[in-house]
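A short write-up of the structure that comes next.
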Number of protein chains: 2
Amino acid sequence: MQSILEIRHLQTLLALLETGTLSGAATRVHLTQSALSHQIKQLETHYATPLFERKTQPLRLTPAGQRLHTLAQAIKELVDEAERDVARLVQGRAGKLRIAVECHTCFEWLMPAMDVYRQNWPEVELDLVSGFHANPLSLLRESKAELAIVSEYKKSSEAVFHPLFGFEIVGLVSCLHPLAKKDHLTPHDFADETLITYPVADEMLDVVRLFLKPRGIEPKRRTAELTVAILQLVASRRGIAAMPAWAVQSYLQTGYVVGKRIGKQGLRGELYAATNQAMAQAAYIQDFVATLRSVSFNRLPGVVAL
Amino acid sequence: MQSILEIRHLQTLLALLETGTLSGAATRVHLTQSALSHQIKQLETHYATPLFERKTQPLRLTPAGQRLHTLAQAIKELVDEAERDVARLVQGRAGKLRIAVECHTCFEWLMPAMDVYRQNWPEVELDLVSGFHANPLSLLRESKAELAIVSEYKKSSEAVFHPLFGFEIVGLVSCLHPLAKKDHLTPHDFADETLITYPVADEMLDVVRLFLKPRGIEPKRRTAELTVAILQLVASRRGIAAMPAWAVQSYLQTGYVVGKRIGKQGLRGELYAATNQAMAQAAYIQDFVATLRSVSFNRLPGVVAL
DNA sequence: GTAAAATAATGAGTTTGAATCATAACTTGT
DNA sequence: ACAAGTTATGATTCAAACTCATTATTTTAC
């Protein structure tokens, strides 16, 4: 009789189409697969029609599902815009947003996210804090940046960590390399190789910090500034590397370099946006974090919500 | 952090502005005043701003409240439209809609409602079953109408009754008449007067059916076809009448005729849309009923949800 | 100006229904 | 054909939405 539709349902529909599976959508909206299954079933009984074809890959919506998905998109637009306006009304004009980045590859999703954000908050002064910093959190403390992209969650009374996304870090080896045959790479596989990395401190390198250091393994090292350069060196069998899966997906298509799981379980990386307490309250900052998340989810393959 | 906004909140906001009070909005959406108060407080703490100014009559929204109200209107539009589309997709082309009306005054809100409805369901053949019928329910049974406007809820296995709204029936007397001094009219006040009504069966006249008949009072009678005519006769002291408050509100402004409460508690009337079981399932019928409700609520003063 | 009526706010208590858990039923790819 | 991945289902749990009962506040009436 009456409409039971809530925004929650529409968010589910959006996540469903973005991820392509119910379980994917579930992690995206921080609920269980079961919850979403029940949710959609409720809609389907209410509208007396299925909303998507099961048993098909890729996922396909029925016409009714399509219509509701269109609605969901429109409504998300409107709600987001309205909430930005309310934030502006309540908190007044927004301020500066200087971003400190310690992660080379991050520019891949940071740039498009900033482009989107600029549309919504034209009055915010966006800036990148130039250079790479051993400890970007200190920049927050010294008020030289409002936000830092970091790869580790540290319990802290000063900084607030906003989870961005999780991903897999893959080992990169030439397709001709003997290691290319293995199912996954062990710490010892690195021992006799040259590890090619960005020229940054070891604490910024998840392979070293989480995988090699704990086992006391210290391979020969070599650095390169650019992702392409590292990939070229790997292809030329000058060493092996480790990179976020999302950063190298396109290179792997060529076949010269292959991605290997690191350790039996694989090596997971995470990214956070850190701000200080005060900034964490500001809507224009919160919305930037939200933008980072949604842009990353939509552009990067294989990233998951934290 | 994340948006807590749900459509439920937006409906509350809409009802709040339509009725002008929280408690009014509460009956409109079939919740308690307390529920809405809590709901709005939740929004206000979430957005860290009041949404409407208390201690003011009439109700005024804050800028943030305004913004959310605008959002609510836009979203209601979109959702309604989408749900109509889904209904069309699921149930196929809609059919005929012939309306039987037993109530003279009803045309006042029926016409504008039909106009609104025609926009949304252009393919539905709208029709009024001509003339007035002693028993409009029999027209449903005989498939001569899809919907009947009736003033009584009857337990029935065939018909489904959709509540439209409740209202007060006021007694109309000349401002010069001695009864105009009274706080309210008693059954006996009618005994020595001429009761002016539409020319329909007594069962259709709530004053007679619910107020006079039970006390065995049978005043002199006179009929007139048109509301204006009845009002003129009352003004000319040719008798007294009883009409829905919403139907005579504008006439009462002139001051020649005054509206009196009927009985100590006042006399309440109700209206229902009756359909048969099958039609009650059809979305194009359900939406017609919804349109009747919302148009009536918005045009007629003093009507309440049932 | 005060009393009465109406409206809103508040906090405790209850209930509903949305989410989880645990598991079964399917699909799909190797 | 079996394993891996995905969806469905029913019972249970739990949170939050609503109601109830009451107090506070505002409006209206006299």
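For clarity, every value in this text was computed on a predicted model and none was experimentally measured. In what follows, chains are A, B, ... by sequence order, proteins preceding strands, each numbered from 1.
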Atom-to-atom span, NE2 of B/His38 to C1' of C/dG11 - whole angstrom: 7 Å
Backbone of B/Gln2 reached by a side-chain donor or acceptor of B/His46 within 3.5 Å: yes
Out of C/dA8, D/dA17, C/dC21, whichever nucleotide has its closest atom nearest the side chain of A/Ser34: C/dC21
Residue pair A/Trp109, A/Phe297: steps toward the ring pair (Phe, Tyr, Trp, His ring centres under 6.0 Å) verdict: CA-CA 10 Å; A/Trp109 45 268; A/Phe297 286 142; over 10 Å; no
Geometric class of the B/Phe161/B/Tyr153 ring pair [parallel <30°, tilted 30-60°, perpendicular >60°]: tilted
Difference in axis direction between the ends of the helix from C/dG1-D/dC30 to C/dT30-D/dA1, five pairs, 10°: 40°
Integer-rounded Å distance: C/dT28 P and A/Leu59 CG: 12 Å
Distance, rounded to the nearest Å, where B/His46 contributes NE2 and D/dA16 contributes P: 13 Å
Pair A/Gln249-A/Tyr251, side-chain donor/acceptor within less than 3.5 Å: no
Nearest to side-chain heavy atoms of B/Arg8, which nucleotide of D/dT9, C/dA19, D/dA17: D/dA17
Euclidean distance, atom CZ of residue B/Phe52 to atom P of C/dT7 [Å, nearest integer]: 13 Å
Presence of salt bridge, B/Arg268 and B/Glu168, under 4.0 angstrom: no
CG-NE2 distance between A/Leu51 and A/His9, expressed to the nearest 0.5 angstrom: 10.5 Å
B/Asp80/B/Lys76 ion pair, N-O < 4.0 Å: yes
Gap between atoms CD1 and P, on A/Ile40 and C/dA18 respectively (whole Å): 14 Å
Any donor-acceptor N/O pair, A/Gln286 side chain to A/Gln281 backbone, under 3.5 Å: yes
Atom-pair distance (CG on A/Leu36; P on C/dC21), nearest Å: 14 Å
Interatomic distance, B/Ile4 CD1 vs C/dA18 P [rounded to whole Å]: 17 Å
A/Arg28 side-chain N/O to A/Thr12 backbone N/O, donor-acceptor pair under 3.5 Å: no
Integer-rounded Å distance: C/dA18 C1' and A/Ile7 CD1: 17 Å
Selection: residues 20-33 of chain B, any non-hydrogen atom under 4.0 Å of DNA chain C: B/Thr21, B/Leu22, B/Ser23, B/Gln33
